[in-house]
Amino acid sequence: MNPTHRLRPRPTRTVLAAALAAVLLTGTGCSSKAGDGDGGGDGAGGVKTGPGVGADTIRLGALTDLTGPYATLGKSIVQAQQMWADEVNADGGICGRKVEIVVKDHGYDVQKAVTAYADISPDVVAMPQVIGSPVVAALLDDIERDQVLTFPQAWAASLLGKDSVQVLGTTYDIDMIAAVDFLTRTKKLAKGDRIGHVYFEGDYGTNALEGSQWAAKRAGMTVVGQKIKATDTDLSAQVSALRQAGVKAVLISAGPAQTASLVGVAASRGLKVPVVSSAPGYARS
């Protein structure tokens with residue numbers, strides 16, 4: 001079995017820390033303490049603070065997946081962002097205030113995420129973590145209405161151009177265009193070949209499929225798509241279909257559990273082709 005390839009990981013900790021620091025410095029004003037609550041208020045010198053900025057704390061929100069298909073990813077991001085907050089707080093905080101990250105687990109369940117957003121959005125200055133394209137899509141109107149600066153761990157092209165959403169890194173379609181280019185340059189795929197693409201239903205997979213189909217068409221190749229759900233963890237049927245189709249490589253736009261199943265089943269059934277996953281499909285265990 002050829003090794004699984006992963007596209008270049010997107011920036012998370014360093015870029016996000018710098019962006020948040022700039023945002024928080026602007027939001028707090030650094031002139032004086034605000035009121036006792038976290039709803040914002042007027043401080044001395046006429047500096048007004050917004051929601052999430054209290055007398056002693058600055059609160060950030062994280063709507064993450066700690067129990068669902070992206071639990072490994074969610075836990076690692078929570079740990080990284082908490083490390084950043086701990087470093088900032090150990091250095092005196094921001095404008096004399098300690099940074100607090102309020103973490104809510106939605107388990108990749110949209111309804112749970114909607115409820116969690118309603119709970120924390122009035123009391124946070126920004127959300128440095130919102131995991132999941134379907135979650136972000138469901139919250140997008142509320143985020144824009146409330147003007148809560150959000151850094152999603154979702155990269156659908158539909159999120160571009162939103163005032164309150166900052167997408168850090170390339171979108172899913174660009175990832176898959178790069179993947180097809182990688183396969184043609186390094187794995188000798190050529191005109192007439194077939195590429196399998198296993199993808200989640202929803203914005204994530206749909207946007208990724210747009211990229212692979214566009215790139216494959218330009219290269220004279222064909223994409224054999226296999227749509228799955230986030231709850232699917234056994235990809236035996238998909239591997240069988242791709243093997244029968246005679247694909248020369250497989251792209252996957254899903255979660256780490258699906259990537260692991262795909263690679264394992266393919267190896268056991270003799271489908272010896274390169275597998276390329278974008279960042280959401282890989283997690284270091």
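Note that the coordinates shown come from a computational prediction; the quantities given were computed from them, not determined experimentally.
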Which is it for S277 and I252 under the side-chain contact (heavy atoms from CB on, under 4.5 Å) test, yes or no, and what are the steps along the way? CA-CA 5 Å; S277 171; I252 180 163; 3.6 Å; yes
Correct closest heavy-atom pair for P69 and A230 would be CB-O, 4.1 Å
Pairing residues for E210 by the side-chain contact (heavy atoms from CB on, under 4.5 Å) criterion, not counting sequence neighbours: T206, N207
Mind checking whether V180 and W214 have side chains closer than 4.5 Å, heavy atoms only? no
Can you tell if the side chain of Y70 reaches within under 4.5 Å of the side chain of Q153, non-hydrogen atoms only? no
Quick one: does L262's side chain get under 4.5 Å of Q238's, heavy atoms only? no
Of the non-hydrogen atoms in G74 and L66, which two are nearest, and what is the gap between them? C-CD2, 3.9 Å
Tell me whether the count of non-hydrogen atoms from other residues, nucleotides or ligands lying under 6.0 Å of CD in E201 goes above 12. yes
Out of the candidates Y204, W155, Y172, only one should pair with S133 under the side-chain hydrogen bond (donor to acceptor under 3.5 Å, both in side chains) rule; please name it. Y172
Can you find a pair of side-chain heavy atoms, one from I143 and one from V165, that are under 4.5 Å apart? yes
Evaluate the side-chain contact (heavy atoms from CB on, under 4.5 Å) criterion for residues L73 and D65: first the C-alpha distance (whole Å), next the side-chain angles of each, then the deciding distance (0.1 Å), finally the verdict. CA-CA 8 Å; L73 176 66; D65 181 5; over 6 Å; no
I'd like to check the side-chain contact (heavy atoms from CB on, under 4.5 Å) partners of K98; sequence neighbours left out, ordered by chain and number. N89
Could you pull out every donor-acceptor pair under 3.5 Å between side chains of residues 239-250 and any protein atom, sequence neighbours left out?
residue : atom : partner : partner atom : Å
S240    : OG   : S236    : O            : 3.1
S240    : OG   : R269    : NH1          : 2.6
R243    : NE   : R269    : O            : 2.9
K248    : NZ   : D193    : OD1          : 3.3

Contact between Y108 and P134 at the side-chain level, heavy atoms closer than 4.5 Å - yes or no? yes
Would you kindly say whether S212 and Y199 are connected by a side-chain donor-acceptor distance under 3.5 Å? no
Going by the rule salt bridge (Lys or Arg N to Asp or Glu O under 4.0 Å), which residues pair with D181 if we only count those two or more places apart in sequence or in a different chain? R185
Is the shortest distance from a Lys or Arg side-chain nitrogen in K229 or D232 to a carboxylate oxygen in the other one below 4.0 Å? no
Apply side-chain contact (heavy atoms from CB on, under 4.5 Å) to L60 and V124, showing your working. CA-CA 5 Å; L60 302 171; V124 298; 5.7 Å; no
Between D146 and S121, is any pair of side-chain heavy atoms under 4.5 Å apart? yes
Can you find a heavy atom in the side chain of L63 that is under 4.5 Å from one in the side chain of I120? yes
Of all residues at least two apart in sequence or in a different chain, which pass the side-chain contact (heavy atoms from CB on, under 4.5 Å) check with K217? none
Are H197 and V224 close enough, and set up right, to give a side-chain contact (heavy atoms from CB on, under 4.5 Å), and what steps lead you there? CA-CA 6 Å; H197 194 165; V224 180; over 6 Å; no
Can you name the nearest heavy-atom pair linking L139 to V114, along with the distance? CD2-CA, 3.8 Å
Taking C-beta and beyond as the side chain, do D86 and Q82 meet within less than 4.5 Å on heavy atoms? yes
Taken in chain and number order and not counting sequence neighbours, the residues that satisfy side-chain contact (heavy atoms from CB on, under 4.5 Å) with T115 are D119
